[in-house]
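First the structure, in the form of structure tokens, and then the observations on it.
The shown structure was predicted, so the numbers you read here are calculated from the model rather than taken from an experiment. By convention here, the first residue in the shown sequence is residue 1. Ligands are counted one by one from 1 in listed order, and the atoms in each one are counted from 1 as well.
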Amino acid sequence: MQIKAGPLLSKINYPADLKQYSEADLEQISQELRQYIIDVVSVNGGHFGASLGVVELTVALHYALNTPYDKLVWDVGHQAYGHKILTGRREQFHTNRIYGGISGFPKISESEYDTFGVGHSSTSISAALGMAVASQIKGETDRQHVAVIGDGAMTAGLAFEGLNHAGIENSNVLVILNDNCMSIDPNVGALKEYLTNITTSKSYNRFRDDISQVLTSLSKLGPNAHKYVKKIEKSIKGTLLKQSNLFESLNFRYFGPVDGHDVKRLAAVIKDLSAIPGPKLLHCVTVKGKGFALAEKDQTKWHAPGLFDKITGEIKKSAQDKPQPPKYQDVFGHTLVELAEANSKIVGITPAMPSGSSLNIMMKAMPTRAFDVGIAEQHAVTFSAGLATQGLIPFCNIYSSFMQRAYDQVIHDVAIQKLNVVFCLDRAGLAGADGATHHGAYDIAYMRCIPGVTVSSPMNEEELRNLMYTAQQDQAGPFVIRYPRGNGVMPDWKRPFKTLEIGKGRKICDGEEVALLTIGHVGNFAVEARAELNGEGIYPAHYDMRFVKPLDETILHEVFSKYKHIITVEDGCLQGGIGSAILEFMADHHYHSNVIRLGIPDHFIEHGEQPELWAECGYDKASIVDAVRKVAVKRSTSNIAG
Ligand SMILES: Cc1ncc(C[n+]2csc(CCOP(=O)(O)OP(=O)(O)O)c2C)c(N)n1
């Protein structure tokens, strides 16, 4: 459905069109841009509050800078909808995050205005610095390089690595700190408190007013501008900045805090800052969800609310006539509290995803035993390792794709020391509309090669509970439990705990000729496929492997002895996945069966609904049916229970 833009916005296809308008029009343009985002996201879904919060900043940046010559890097990129709309993609914006449509994040291959592909946080300063140093080397010293980073993203170590380096390179980097006090959930940590202090401090506010006056007059001063800035800076440093400023101490010139919703002033400040060489930081205060009252009020809920009625604000839920199975994340959240009530050693850790992982359930029930550590996956893992050295049992919950950040910590800090950390990897497998940056495609491969790590995946809610129960009893080193985004299959999921034998899978049914070996939730696709195949007189066996490592060798010996064709199914990359592990087993034990592997192929999978992506990759129910049909011999009756 095509949505109509307002009268000014509809004439803006590129930043050059925006620049035709006078400063006096910028407020109306911002308003129209905000409305357009509301109109489209309400019927299409996607991230919401973050883009609303930077509408004015987006307009000001494209008005003041010379994009795409000047390089603009958005951190995370979930706030870049306004940027997309102003840079040639207004007409396609209704396809945002839809299969085959534009990406929900900036992407180099999509537009020359997208200078850097993002999705994972806190990369913008390093990337912008790389671009700035490249410009310097190429002699393009008039080019600006701007990183827009949120206060949440600023909590990551990577952001500080970028600041630390930028502070000694004399290149043109402007960091715009978009401070809205929010991550997805309320932002956490000492840095947040520091930023709040600056924002509310009287002396800094006076400083802000002084600097604003200087900057306003600067544009009229032309080439002598630097001299004046230096002079003013010196006097300010001598007085106001006596209370030391974190960014100043890293050699950045700090400006702000400024009102991030005053578009005219922002445009003027950004223009003026462009005239100052070297590393600079503009502290910009915004409200997440600005302009949509409900989103301003409940910022976590409106981070990515799904479809909603833009007039009433009612979030649309599909009506279901019977009880639905819960989300895996909620089974994790409730089960962890249940386990922690019985075992005082259990603690919970999340790097900035309390709502997304449902660790917020434990944070509420047991605030002293559950920790949101900020967007800091590496720290989350090593912090968990430290807790484990003291005999606690950390359940460290990290989205599979974000865990990629903390790989060395898993090996170096946890596995080599054989520490008992339980890693719960949420969003394992194809994650859906967030696309390639967010799919949890690699964890089976990257975890199973580490010595001493148990790697498991539940086929349903009960198995998830039992794996968590087993993991806290197991004292044999790191224990990984991977599970997907979305719902399980058991409305009646709260069953009594059972200890599972490590490295033991289960036979779901015997069969003829063909055996399906599945890991995790995709086992349910195989159950559905079998039902269809049975109707055609085809009877594959089915085993839920449950553990990738250690592999159930008893099952594998049985399968390789009994079946001609073995089809492995996994919601993970084929290279190095469980199918690969089974091929290794086959070679090591000199079996010669026909092994067919279904899983994620060796290229990056874009965005779309999960079922669309499962089908594309060839491991949804229909693909399993096809794979079995190709090798199986039909018969009309069977004495084998399906
Ligand atoms: C490495 C990594 N961890 C976690 C996330 C999930 N995530 C997406 S947006 C976000 C919050 C970012 O907060 P902030 O930078 O302040 O931006 P805001 O949404 O407030 O505008 C988080 C935690 C991510 N994208 N990347």
Side-chain angles (χ1 to χ4, degrees), residues 37 46-58 73-83 103-106 117-126 147-159 161 175-189 191-192 195-196 260-261 283-290 295-296 298-305 329 349-357 359-360 372-381 396-407 409 425-427 431 433-440 485:
I37 294 171
H47 289 102
F48 187 58
S51 278
L52 291 194
V54 295
V55 160
E56 287 78 11
L57 182 58
T58 307
V73 185
W74 295 95
D75 206 282
V76 184
H78 63 312
Q79 78 292 56
Y81 291 2
H83 160 84
S103 165
F105 298 100
V118 277
H120 289 203
S121 88
S122 318
T123 58
S124 62
I125 300 174
S126 302
V148 182
I149 181 166
D151 56 305
M154 193 61 110
T155 59
L158 178 56
E161 292 168 34
V175 174
I176 298 187
L177 174 59
N178 172 35
D179 184 3
N180 57 21
C181 287
M182 287 297 289
S183 189
I184 294 177
D185 294 88
N187 199 10
V188 293
L191 179 69
K192 181 200 108 170
L195 294 175
T196 309
H261 298 298
H283 186 177
C284 199
V285 177
T286 62
V287 177
K288 198 163 174 173
K290 179 76 177 175
E296 287 187 31
D298 190 344
Q299 295 170 325
T300 299
K301 186 169 169 185
W302 288 84
H303 179 81
Q329 68 177 75
I349 295 100
T350 172
M353 304 304 284
S355 304
S357 69
L359 190 78
N360 56 3
D372 174 2
V373 299
I375 308 183
E377 287 79 10
Q378 295 172 303
H379 165 67
V381 171
C396 180
N397 188 310
I398 302 188
Y399 282 19
S400 167
S401 83
F402 302 151
M403 180 56 117
Q404 292 158 194
R405 280 265 162 108
Y407 192 47
Q409 284 69 21
L425 303 187
D426 196 333
R427 284 15 176 216
D434 282 333
T437 54
H438 282 60
H439 296 320
R485 166 174 167 251

| query | Where is the nearest protein heavy atom to atom 23 (C) of ligand 1: which residue, which atom, and how far? | reply | Ile375 CD1, 3.5 Å
| field | Polar side-chain atom of Thr350 near backbone of Asp372 as donor-acceptor pair, under 3.5 Å | value | no
| request: Describe, in one word, how the ring planes of Phe105 and His438 are oriented to each other, choosing from parallel (under 30°), tilted (30 to 60°) and perpendicular (over 60°). | output: parallel
| note | shortest atom 24 (C) of ligand 1-to-protein heavy-atom contact is with Phe402 CZ, 3.4 Å
| Is a side-chain donor or acceptor of Glu377 paired with a backbone partner of Arg405 at a separation under 3.5 angstrom? | no
| ligand 1 contacted by Gln79 (non-hydrogen, < 4.0 Å) | no
| query | In ligand 1, which numbered atoms sit nearer than 4.0 Å to a non-hydrogen atom of Gly150? | reply | 14 (P), 15 (O), 16 (O)
| task | Please check if the side chain of Asn187 supplies one atom and the backbone of Asp151 the other of a donor-acceptor pair under 3.5 Å. | result | yes
| query | Quick one: nearest non-hydrogen protein atom to atom 14 (P) of ligand 1, plus distance? | reply | Gly152 N, 3.6 Å
| query | Where is the nearest protein heavy atom to atom 21 (O) of ligand 1: which residue, which atom, and how far? | reply | Asn180 ND2, 3.4 Å
| query | Just by modelled atom types, is the Ala159 backbone N or O under 3.5 Å from a matching donor or acceptor in the Ser122 side chain? | reply | no
| field | Atoms of ligand 1, numbered as shown, that sit under 4.0 Å from any heavy atom of Met182 | value | 13 (O), 14 (P), 16 (O), 20 (O)
| Considering only protein heavy atoms, which is closest to atom 26 (N) of ligand 1, and at what distance to one decimal place? | Ser121 N, 2.9 Å
| query | Which is it for Ile184 and ligand 1 at heavy atoms under 4.0 Å: side chain, backbone, both or neither? | reply | both
| said: Using only atom types and a distance under 3.5 Å, with no angle test, would you say the side chain of Arg427 pairs donor to acceptor with the backbone of Tyr399? | reply: no
| query | Is a side-chain N or O of Asp75 found less than 3.5 angstrom from the main chain of Thr123, in a donor-acceptor match? | reply | yes
| message | Within ligand 1, which atoms have a heavy atom of Ala50 less than 4.0 Å away? | response | 19 (O), 21 (O)
| message | Can a donor-acceptor pair be found, under 3.5 Å and without considering hydrogens, that links the side chain of Lys192 to the backbone of Met182? | response | no
| said: If you measure every N or O of Arg405 against every N or O of ligand 1, does any of those distances drop under 3.5 Å? | reply: no
| Identity and distance of the protein heavy atom lying nearest atom 3 (N) of ligand 1 | Glu377 OE2, 2.7 Å
| message | Using a 3.5 Å distance criterion without hydrogens, assess whether the side chain of Gln79 forms a donor-acceptor pair with backbone atoms of His47. | response | no
| task | From atom 9 (S) of ligand 1, work out which of His438, His47, His78, His120 has a heavy atom at the shortest distance. | result | His78
| field | Nearest neighbour in protein (non-hydrogen) for atom 25 (N) of ligand 1 | value | Gly119 O, 2.8 Å
| field | Heavy-atom gap Ser183 to ligand 1 smaller than 4.0 Å | value | yes
| message | Please check: side-chain N/O of Asn178 versus main-chain N/O of Thr286, any donor-acceptor pairing under 3.5 Å? | response | no
| Closest protein heavy atom (residue, atom, distance) for atom 15 (O) of ligand 1 | Ala153 N, 2.9 Å
